[in-house]
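Heads up, the thing below is written out as structure tokens.
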Amino acid sequence: MNLRDYCFFLLVMAGVTYLLRAVPFVLLKGKIKSRFWRSFLAYVPYTVLAAMTVPAIFYSTNSVLSGACALVAAVIASLLGRGLVGVAVVACITVLGVDGIMLLL
Amino acid sequence: MKFSKGVQDGLPIGLGYFAVSFSFGIAGSKLLSWPLVTFISMTNLTSAGQFAGLQIMADAAGTFIEMAIATFFINLRYSLMAISLSQKVAPSFGTGKRLLLATGITDEIYALAVSQAEPVTARYFAGLMVLPYIGWSSGTLCGAVCGEILPAVVTNALGVALYGMFVAIVVPQMKAHRPTLIAVLIAIACSCAFRYVPALSGVTVGFAIIICALIASLLGAAFFPVKDDDDSTDDQNVAQPSGAQPAGECGQSKESA
């Protein structure tokens, strides 16, 4: 990617993000009235993260196998009550282990 | 409320951000040089949004309009937090200060600020965002530099950390709140369809994420509207479906920016 495209992408990204924070912070004092839209906004973070993770995680490592193992390991670790960093470490070690073994084979 | 108290309270967030942004730096170093990756973190201060942004930049077919729409939807929750926070701040927290400090509205800084008993002053809020900002930027820098030096087998393993953290945010909420579980499964099914159904594979990554999140969230809101009977705690669980707060909070409290 060339520097010019990067600058435009960055400008769009940072600009939109800033306006989303600043405009309501400065202007709005009241609550969003509609229960439907508040519910919608409540679900957005989780559905976004889920859509970003699956299936992209399968293709983020050397092999689909290590990516899939990382996802399974992370879900199990999370279900067992591990925190953010704990789950991340489990995912990393899983990839390192699986890819390491496959390199040796 | 003092600046120094804010700095103190922000320390754990700063440490967490360093770890999260390290893996963003690694992911970014595959596409950009380290100063450019670091600059994204310094100007955005958001994990999921930056990560999606990076995916769009990496996509040869990615467009500016796609970037704008993806960033808009992924970061829309900050608007909600900003609205909520605007009702918690001290009267002295004027428009100028709000414009200056709005960048500090992240999941964790927001959560910590609104959980204070006293009205939030600009000094306290500024103190609160100092270490998270430094942690986020320096973590990205370290990750991006290491990404250029370390062998692929190691960076691949470290790069998966970000996904691990996404899992750690989503899974506790899925476990505690069944409608979230359903919405998340819909989003995943939809996302897989974009990847594996040939007719849909022409859709770029950014739009696919937007469409999946829209469909799943709209269905969630239509069939399982969140409870809003307790207005006193509404500010704290505004970004997550209520009724699942305790479990959601453990994941959220150390969540990425």
Side-chain angles (χ1 to χ4, degrees), chain A residues 1 6 8-10 12-14 16-18 20-26 28-29 31-32 35-57 60-62 67 70-71 74-75 78-79 82-85 87-88 90-93 95-96 99-100 103, chain B residues 19 36 43-44 46 48-49 52-53 57 64 67-68 71-72 74-80 82-83 86 95 98-99 102 105 153 156-161 163-171 173 180 183-184 187-188 191-192 195 209 212-213 216-218 220-221 225-226 228 239-241 254:
Chain A
M1 188 172 48
Y6 165 85
F8 276 114
F9 273 127
L10 185 75
V12 170
M13 214 166 138
V16 170
T17 304
Y18 177 74
L20 280 172
R21 285 165 166 158
V23 170
F25 195 33
V26 170
L28 294 178
K29 309 282 183 205
K31 269 190 189 176
I32 293 178
R35 192 180 174 198
F36 177 81
W37 289 112
R38 274 197 288 151
S39 304
F40 168 76
L41 287 166
Y43 286 112
V44 164
Y46 302 105
T47 54
V48 164
L49 292 181
M52 275 172 55
T53 305
V54 186
I57 190 172
S60 69
T61 58
N62 266 347
L71 178 63
V75 170
S78 185
L79 286 173
R82 294 280 158 191
L84 220 63
V85 175
V87 172
V90 166
C92 291
I93 292 173
V95 171
L96 204 57
D99 279 346
L103 272 183
Chain B
L36 299 185
T43 52
N44 281 268
T46 150
M57 283 190 193
F64 299 125
M67 176 69 96
T71 307
F72 179 84
I74 293 168
N75 291 338
L76 195 54
R77 66 186 191 282
Y78 294 137
S79 292
L80 211 65
I83 294 166
S86 74
T95 302
R98 290 188 188 198
L99 287 173
I105 301 172
V153 117
N156 276 338
L158 290 171
V160 92
Y163 291 114
M165 280 175 248
F166 291 165
V167 168
I169 292 166
V170 175
V171 167
Q173 186 69 20
T180 303
V184 162
I188 289 174
S191 165
C192 288
R195 176 89 198 195
I209 293 170
C212 296
S217 303
L218 287 172
V226 298
D228 54 349
Q240 55 185 304
K254 284 197 278 176

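Chain naming here is simple, since letters A, B, ... match the order of the sequence lines and numbering starts at 1 in each. It should be emphasised that the depicted structure is a prediction, and the values quoted were computed from it without experimental measurement.
Side-chain contact between A/R21 and B/T46 is present, with at least one heavy-atom pair separated by less than 4.5 Å. Between B/C192 and A/V54 there is a side-chain heavy-atom pair separated by less than 4.5 Å.
Taking B/P225, B/G49, B/A187 one by one and counting their heavy-atom pairs under 4.5 Å with chain A, the maximum is reached by B/P225. In terms of heavy-atom pairs under 4.5 Å with chain A, the best-connected choice from B/I209, B/T95, B/I105 is B/I105. Chain B forms the most heavy-atom pairs under 4.5 Å with one residue out of A/L71, A/D99, A/V75, and that residue is A/V75.
The closest donor-acceptor contact from the side chain of B/R98 to the backbone of A/A22 lies at 3.5 Å or more, if one exists at all. Remark: side-chain polar atoms of B/S191 are paired, donor with acceptor, to backbone N or O of A/A51 under 3.5 angstrom. B/Y78 contributes no side-chain N or O that, together with a main-chain N or O of A/Y18, makes up a donor-acceptor pair within less than 3.5 Å.
When heavy atoms are compared at a cutoff of 4.5 Å, A/I93 does not approach chain B at all.
Counting non-hydrogen atoms of other residues, nucleotides and ligands closer than 6.0 Å to CZ of A/F8 gives a total of 12 or fewer.
Contact record, B/A213 with A/V48: CB-CG2, 3.5 Å, taken as the closest heavy-atom pair. For B/A168 against A/S78, the heavy-atom pair with the smallest separation is CA-OG, 3.9 Å. Shortest non-hydrogen contact noted between B/S86 and A/F25 is CB-O, 3.7 Å. Residue A/L96 comes nearest to B/V153 through the heavy atom pair CD1-O, 3.8 Å, listed as atom of the first residue, atom of the second, then distance. Annotation for B/V226 and A/S39: closest pair N-OG, 2.9 Å, computed over non-hydrogen atoms. Heavy atoms only, all atoms of each residue included: B/Y163 and A/A56 are closest at OH-CB, 3.6 Å.
B/F72 pairs by the side-chain contact (heavy atoms from CB on, under 4.5 Å) definition with A/V16, A/L20, B/L76, not counting sequence neighbours.
The OG1 atom of A/T17 sits 9.5 Å away from atom CD1 of B/I74, with the distance rounded to the nearest 0.5 Å. A distance of 4.0 Å separates OH in A/Y46 from CD in B/Q173, rounded to the nearest 0.5 Å.
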* Trace of the side chain to side chain contact (heavy atoms under 4.5 Å, CB included) decision for A/L10 with B/N44 -> CA-CA 9 Å; A/L10 185 75; B/N44 281 268; 4.0 Å; yes
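Checked options B/L218, B/V184, B/T180; the residue passing with A/Y43 is B/T180 (criterion: side-chain contact (heavy atoms from CB on, under 4.5 Å)).
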